[in-house]
Engineer: 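Structure below; questions to follow.
Values below: every heavy atom of this structure, side chains too, minus hydrogens, waters and symmetry copies. Per chain, numbering begins at 1; letters A, B, ... match sequence-line order.
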There are 2 protein chains.
Amino acid sequence: MADFDSGSEQPVPRKRADARRNERALLDAAAAAFVTSGVDVPVRDIAVRAGVGVGTIYRHFPTRADLIVAVYRHQIEACAEAGPALLADSDTPYAALARWIDLFVDFLVTKHGLAAALQSDAAAFQTLHAYFLDRLVPVCDQILDAAVAAGEIRPDTNAYGLLRGVGNLCIGAGNDPRYDARRLVDLLVAGLRVR
Amino acid sequence: MADFDSGSEQPVPRKRADARRNERALLDAAAAAFVTSGVDVPVRDIAVRAGVGVGTIYRHFPTRADLIVAVYRHQIEACAEAGPALLADSDTPYAALARWIDLFVDFLVTKHGLAAALQSDAAAFQTLHAYFLDRLVPVCDQILDAAVAAGEIRPDTNAYGLLRGVGNLCIGAGNDPRYDARRLVDLLVAGLRVR
DNA sequence: TTGGCAAACGGAACGCCGTTCCGTATGTTT
DNA sequence: AAACATACGGAACGGCGTTCCGTTTGCCAA
């Protein structure tokens, strides 16, 4: 690994200054808009907030999913990275699973409408789907494997289904005080235990 | 309770013949359209299938939810009525619960997109929400109470949350073979058991 | 049978939304 | 400073739900 090819050379020449500025503005505007109006906020609203035209949004983020991913990338990353840490810190793999799922739920329920978008099977949300799952399924799998190995949970459990299930349970959380998504997720995770 | 006021008198005068005919046609057309294109099928499509104008749809069914309710009323009714029957026939209340939830899942997963519509918090779906819950929550409550009384499940369980949870888990079922909604529902119900 | 009227109809029209497209402006490089 | 690629803005388009109103149709009474 010599530093061959490193240095100032940029194979992808830097983008224009205004383009970088607008991308920043769009991310900020989108983040703010998502908080106040949910991830379904009309594209035009985001454009107005950012002070750009709608065309600029599509140039930077071809689909809404791309924008959502870009806005939440950091938090998803943090959630993914917390997995191995929890596994190391917790008394048992099952405890780690419960805590990790809790993090995931935290993330979902604070993002108005994100859980619903996550489940959409529209082609446009392929990116969103792919990013979430590619990043989180392996982490979940690792925890599940450990819990199975410890004999704590049923062996026939797959991370993909579990994550989608948890995601679905979080849909509509926060709209209705009678619907306690977190409790249902707890029940679901409890259902995984061997009896 | 004499048969006072019974007989041929109709306080609500019969609707016109064409109105009744169109309502029938609309219900049939909607049912067919829901099967092939899901409950999100464009209103115009239903109108074309029924051979009527869009205005006619809105005159008979002010909101999409009204139409959905009308189309599925029979099946919802059947599900509701199955509750007490299962409670009487099953070995334990918990068994009745499991079987009843299974019926509910059967209903949801065969109606493309219905589960998603059921969760929508848009004002237009208030009717749908209300009808489903008014009809099914009491039934579920009865079964849950029996199971609690038998000491089979946790005491702090509410029917509303459970039904919404099950409904949410059914969202997207059938779109992806890797997502097994029924299994997740089973896990959720298993999580209700006392341990 | 027919006249009149309320009921019901159809589809044009409106507004919102996502998305595309292209004439214009702006940054960058020589 | 000239020339070029890059990026911009917003008009324009198509699809959708919903409303509205001029027209038609069934019903009943004369």
Engineer: Hey, any chance B:Trp100 and B:Leu118 share a hydrophobic cluster, counting ILVMFWY side chains that come within less than 4.5 Å of each other, even indirectly?
Structural biologist: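 Both belong to a single hydrophobic cluster.
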Engineer: Just jot down the side chain to side chain contact (heavy atoms under 4.5 Å, CB included) partners of B:Val105, sequence neighbours excluded, or say none.
Structural biologist: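 Expected list: B:Ile101, B:Val109, B:Val166, B:Cys170, B:Arg182, B:Val185.
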Engineer: Table please: side-chain donor-acceptor pairs of residues 22-31 of chain A below 3.5 Å, with sequence neighbours left out.
Structural biologist:
residue, atom, partner, partner atom, Å
A:Asn22, ND2, A:Asp18, O, 3.4
A:Glu23, OE1, A:Lys15, NZ, 2.7
A:Glu23, OE1, A:His60, ND1, 3.4

Engineer: What is the distance, rounded to the nearest whole Å, between atom CZ of B:Phe61 and atom P of D:dG17?
Structural biologist: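 B:Phe61 atom CZ is separated from D:dG17 atom P by 16 Å.
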Engineer: Listed by chain and number, what are the salt bridge (Lys or Arg N to Asp or Glu O under 4.0 Å) partners of B:Arg49, not counting sequence neighbours?
Structural biologist: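 With sequence neighbours excluded, B:Arg49 shows a salt bridge (Lys or Arg N to Asp or Glu O under 4.0 Å) to no residue whatsoever.
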Engineer: Respond yes when some side-chain nitrogen or oxygen of A:His60 is under 4.0 Å from OP1 or OP2 of D:dC8, and no when none is.
Structural biologist: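 Checking D:dC8 against A:His60, a side-chain N or O does come within under 4.0 Å of OP1 or OP2.
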Engineer: Between C1' on D:dG17 and CZ on B:Arg59, what's the gap in Å once rounded to a whole number?
Structural biologist: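 Roughly 16 Å, once rounded to whole Å.
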Engineer: Over how many whole Å does the gap from B:Ile68 atom CD1 to D:dG17 atom P extend?
Structural biologist: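 So the CD1-P distance, B:Ile68 to D:dG17, works out to 12 Å.
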Engineer: Starting at the 5' end of nucleotides 13-19 of chain C, put B wherever the base has a protein heavy atom under 4.0 Å, S where only the sugar-phosphate does, and a dash everywhere else.
Structural biologist: B---SBB
Engineer: If I compare all heavy atoms of B:Leu86 with all of B:Ala96, which pair ends up nearest, and what's the gap?
Structural biologist: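 Closest approach of B:Leu86 to B:Ala96: O-CB, 3.6 Å.
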Engineer: If a protein heavy atom is under 4.0 Å from the base, mark B; if only from the sugar-phosphate, S; if neither, -; do that for nucleotides 25-30 of chain D going 5' to 3'.
Structural biologist: BSS---
Engineer: May I ask you to verify if any side-chain N or O of A:Thr56 is less than 4.0 angstrom from the OP1 or OP2 atom of D:dA7?
Structural biologist: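 So the side chain of A:Thr56 is outside the cut-off, no N or O lying under 4.0 Å from OP1 or OP2 of D:dA7.
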Engineer: Could you state the atom-to-atom distance from CG of B:Leu67 to P of D:dG17 in whole Å?
Structural biologist: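 Whole-Å distance recorded here is 12 Å.
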Engineer: Can you find a pair of side-chain heavy atoms, one from A:Phe107 and one from A:Leu103, that are under 4.5 Å apart?
Structural biologist: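 Side-chain contact under 4.5 Å: no.
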Engineer: Taking only side-chain nitrogens and oxygens of A:Asn22, does any of them come within less than 4.0 Å of OP1 or OP2 of D:dC8?
Structural biologist: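 Yes, within the criterion.
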Engineer: When you check the gap from the basic side-chain N to the acidic O, do A:Arg99 and A:Asp89 get nearer than 4.0 Å?
Structural biologist: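 Here A:Arg99 does not pair with A:Asp89 in a salt bridge, since their nearest N and O are not under 4.0 Å apart.
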Engineer: Sequence neighbours left out, what passes salt bridge (Lys or Arg N to Asp or Glu O under 4.0 Å) with B:Arg64? Give chain and number order.
Structural biologist: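 If we apply the salt bridge (Lys or Arg N to Asp or Glu O under 4.0 Å) test to B:Arg64, skipping adjacent residues, there are no hits.
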